[in-house]
Amino acid sequence: MYRRSQLLWVDEPGKPADGGSAGLSHHEGGRNSAILQSGTLVDGLIVPLLARGIGIGRVVTIGNEACLDVADFIDYFADEDDTHVITCYCEQIKRPLEFIKACERAADRGKPIVMIKVGRSESARQAALAHTGSLVGSDVAIEAVLKRLEVIRVDTVDDLIETAAALSSTKRPRGRRVAFASFSGTAASILADFAHSCDIELPPLPAPVKARLEAVFPEFGNVGNPLDFTAQGSYDTHIIHESLNAIAASGAYDLVIWGRGFPSCLDMSWVLGRSLTRAAAAAPEVMFSILSLADGHFYASLDPKDAMVDPKAEFDRMPFFAGNGCRAEGTLCFDDLCRVPSQP
């Protein structure tokens with residue numbers, strides 16, 4: 001049994017937090033639980049997730065691990081029914097054998113672990129020693145162990161958030177074939193480069209789909225994958241309905257990513273929302289994801305002067321993704337989504 005007095009922070013799903021930062025006292029529980037050898041990251045992880053409507057179940061700060069360490073809490077969350085994804089920030093692996101056993105138990109129960117493990121550089125090793133007295137250990141050895149255990153190692157807080165958000169979804173793509181679409185040619189170009197760097201497949205449009213799209217697209221549009229709808233598509237219902245339906249129903253793609261400029265809710269009553277809803281209903285085996293190029297603050301609407309009728313921050317059982325940084329988070333966490341089994 002773990003005595004509650006030994007936990008610096010535990011959030012019960014749907015209940016107020018025992019302590020911590022102002023503004024976090026009331027929130028809904030979620031599928032993610034976190035183990036953090038940090039106090040600052042409590043806010044750094046929770047606030048962005050809650051701003052996007054992604055709940056978090058339990059958060060534990062373990063400090064210098066005087067009583068309990070990361071292995072204890074991975075082992076605990078492996079058995080905890082409300083936890084489906086375990087996120088960690090670690091400065092050391094204090095008891096390697098117990099850590100390995102705990103990670104294996106979590107994997108056996110289908111619970112992915114996403115971890116920032118510092119210590120790649122000498123400066124980071126010295127900082128960890130000063131912070132919590134942690135002996136960081138050989139990063140080469142730790143990297144090899146984490147890979148064997150299929151722990152998803154990331155380097156930034158943004159990557160930690162986006163990967164945890166992706167894995168909290170109950171849906172998984174069937175394969176690696178991606179179609180990317182946007183009203184922006186810039187978004188199409190940037191995401192195509194990122195997909196290439198991540199070995200994500202962007203198969204060309206099948207000939208029947210291309211012919212179908214060419215019949216409705218403006219002459220100056222680019223019919224391909226990525227698909228640039230141009231600004232005209234944003235108000236031409238026929239273009240966007242026909243195109244998304246054709247792509248989703250083609251059988252050529254496992255994931256359709258819609259690219260946007262910055263993170264905000266989407267009004268599902270708008271033409272894009274209606275078109276995405278119709279396409280997803282017509283091809284339930286295809287996964288849909290909405291990704292903004294920029295990250296940062298998640299806005300309630302695209303324009304504060306224009307109230308949304310049906311605002312949503314998730315679609316097709318997937319939260320919206322933000323940013324395309326080091327791991328091209330939206331395309332992205334796609335590697336992780338493919339290899340981690342779905343959960344109910």
Distance check, rounded to the nearest 0.5 Å: H84 atom NE2 versus R109 atom CZ? 14.0 Å
State which residues pass salt bridge (Lys or Arg N to Asp or Glu O under 4.0 Å) with R105; sequence neighbours excluded, sorted by chain then number. D75, D79
Side-chain contact, heavy-atom cut-off 4.5 Å: V118 with Y89? yes
Give the intermediate values and the outcome of salt bridge (charged side-chain N to carboxylate O under 4.0 Å, His left out) for residues R148 and E143. CA-CA 9 Å; R148 184 181 73 78; E143 178 78 7; over 6 Å; no
Do the ring planes of Y76 and F73 sit parallel (below 30°), tilted (30 to 60°) or perpendicular (above 60°)? perpendicular
Stepwise, does the side chain to side chain contact (heavy atoms under 4.5 Å, CB included) test hold for F217 with L227? CA-CA 11 Å; F217 251 63; L227 183 63; 3.6 Å; yes
Assigning hydrophobic clusters by single linkage (Ile, Leu, Val, Met, Phe, Trp, Tyr; side-chain heavy-atom cutoff under 4.5 Å), is V85 placed with L50? yes
Would you check, one step at a time, whether the test side chain to side chain contact (heavy atoms under 4.5 Å, CB included) holds for T163 with T87? CA-CA 9 Å; T163 307; T87 56; over 6 Å; no
If the condition is side chain to side chain contact (heavy atoms under 4.5 Å, CB included), which residues does S301 pass it with, not counting sequence neighbours? M308
Check side-chain hydrogen bond (donor to acceptor under 3.5 Å, both in side chains) between R95 and all other residues, then give those that pass, not counting sequence neighbours. D69, D72
Results of side chain to side chain contact (heavy atoms under 4.5 Å, CB included) for T237 - residues two or more places apart only: H241, V271, R274
What closest approach, in Å, do N64 and K94 show between heavy atoms, and which atom pair accounts for it? O-NZ, 4.1 Å
For the CG atom of L41 and the CD1 atom of I161, what is their distance to the nearest 0.5 Å? 8.5 Å
Euclidean distance, L160 CG relative to L49 CG, rounded to 0.5 Å: 8.5 Å
Considering non-hydrogen atoms only, spot the tightest contact between I86 and A78 and give its length. CD1-N, 4.4 Å
Taking only residues at least two apart or on different chains, which pairs with a member in residues 208-217 satisfy salt bridge (Lys or Arg N to Asp or Glu O under 4.0 Å)? R212-E242
Looking at CG of L149 and CD1 of I100, how far apart are the two atoms once the value is rounded to the nearest 0.5 Å? 6.0 Å
Using atom types as modelled and distance alone, determine if a side-chain donor or acceptor of S168 lies under 3.5 Å from a backbone N or O of A165. yes
Determine whether V178 and F320 fall in the same hydrophobic cluster, where Ile, Leu, Val, Met, Phe, Trp and Tyr are linked whenever their side-chain heavy atoms lie under 4.5 Å apart. no
Quick test of your reading: applying ring-ring contact (aromatic ring centres under 6.0 Å, His included), list the pairs with at least one residue in residues 251-283, sequence neighbours left out, ordered by first then second residue. F183-W258, F229-W258, F262-Y299
When rounded to the nearest 0.5 angstrom, what is the spacing between CG in N32 and NZ in K111? 12.0 Å
Sequence neighbours excluded, the answer for side-chain hydrogen bond (donor to acceptor under 3.5 Å, both in side chains) partners of S182 is none
Tell me, with the steps shown, if I116 and C90 meet side chain to side chain contact (heavy atoms under 4.5 Å, CB included). CA-CA 6 Å; I116 294 178; C90 298; over 6 Å; no
For E91, is there any backbone N or O sitting under 3.5 Å from a side-chain donor or acceptor partner on Q37? yes
Does E80 reach the main-chain N or O of T83 with its side chain, forming a donor-acceptor pair under 3.5 Å? yes
Under 3.5 Å donor-acceptor, T61 side chain and G63 backbone: no
Decide, yes or no, whether a salt bridge links R52 with E162 under the criterion of side-chain N to carboxylate O below 4.0 Å. yes
Under the ring pair (Phe, Tyr, Trp, His ring centres under 6.0 Å) test, which residues partner F298, sequence neighbours left out? none
Distance-only donor-acceptor pairs under 3.5 Å for side chains of residues 276-283, two or more places apart:
unit_1, atom_1, unit_2, atom_2, d
T277, OG1, G273, O, 2.8

Answer yes or no: is there a side-chain heavy-atom contact under 4.5 Å between F321 and S292? no
Looking at D310 and S269, would you say the former's side chain and the latter's main chain have a donor-acceptor pair under 3.5 Å? no
Please determine whether side chain to side chain contact (heavy atoms under 4.5 Å, CB included) holds for the pair R176 and E201, giving the CA-CA distance in whole Å, both sets of side-chain angles, and the decisive distance to 0.1 Å. CA-CA 6 Å; R176 303 179 56 83; E201 299 176 35; 4.1 Å; yes
Sequence-distant partners of D316, side chain to side chain contact (heavy atoms under 4.5 Å, CB included), two or more places apart: K171, M287, F288
Sub-4.5 Å side-chain heavy-atom contact between V157 and L45: no
Side-chain donor/acceptor of D254 to backbone N/O of R177, under 3.5 Å: yes
Taking side chain as C-beta onward, heavy atoms only, is D82 less than 4.5 Å from R58? yes
Please tell me whether L244 and L255 are part of a single hydrophobic cluster in this structure, the criterion being side-chain heavy atoms less than 4.5 Å apart. no
Hey, are the side chains of C103 and I74 touching, using non-hydrogen atoms and a 4.5 Å cut-off? yes
Side-chain heavy-atom pair N225, P204 within 4.5 angstrom cut-off: no
Is there a continuous path of hydrophobic side-chain contacts, each under 4.5 Å between heavy atoms, that joins F180 to I247? no
Those residues that, when tested against K101, pass side chain to side chain contact (heavy atoms under 4.5 Å, CB included) (two or more places apart): none
Keeping D228 on the side-chain end and A188 on the backbone end, is there a donor-acceptor pair under 3.5 Å? no
A side-chain contact here means heavy atoms from C-beta on lying under 4.5 Å apart; do V60 and L36 qualify? no
Distance, nearest 0.5 Å, that separates CD of E314 from CD1 of I290: 10.0 Å
Go through the structure and list residues passing salt bridge (Lys or Arg N to Asp or Glu O under 4.0 Å) with D267, not counting sequence neighbours. none
So, does K312 use its side chain to make a donor-acceptor pair with the main chain of C265 at under 3.5 Å? no
Report yes if some heavy atom in the side chain of I113 is under 4.5 Å from a heavy atom in the side chain of C88; otherwise report no. yes
Starting from L205, can I reach L202 by hopping between I/L/V/M/F/W/Y residues whose side chains sit under 4.5 Å apart? no
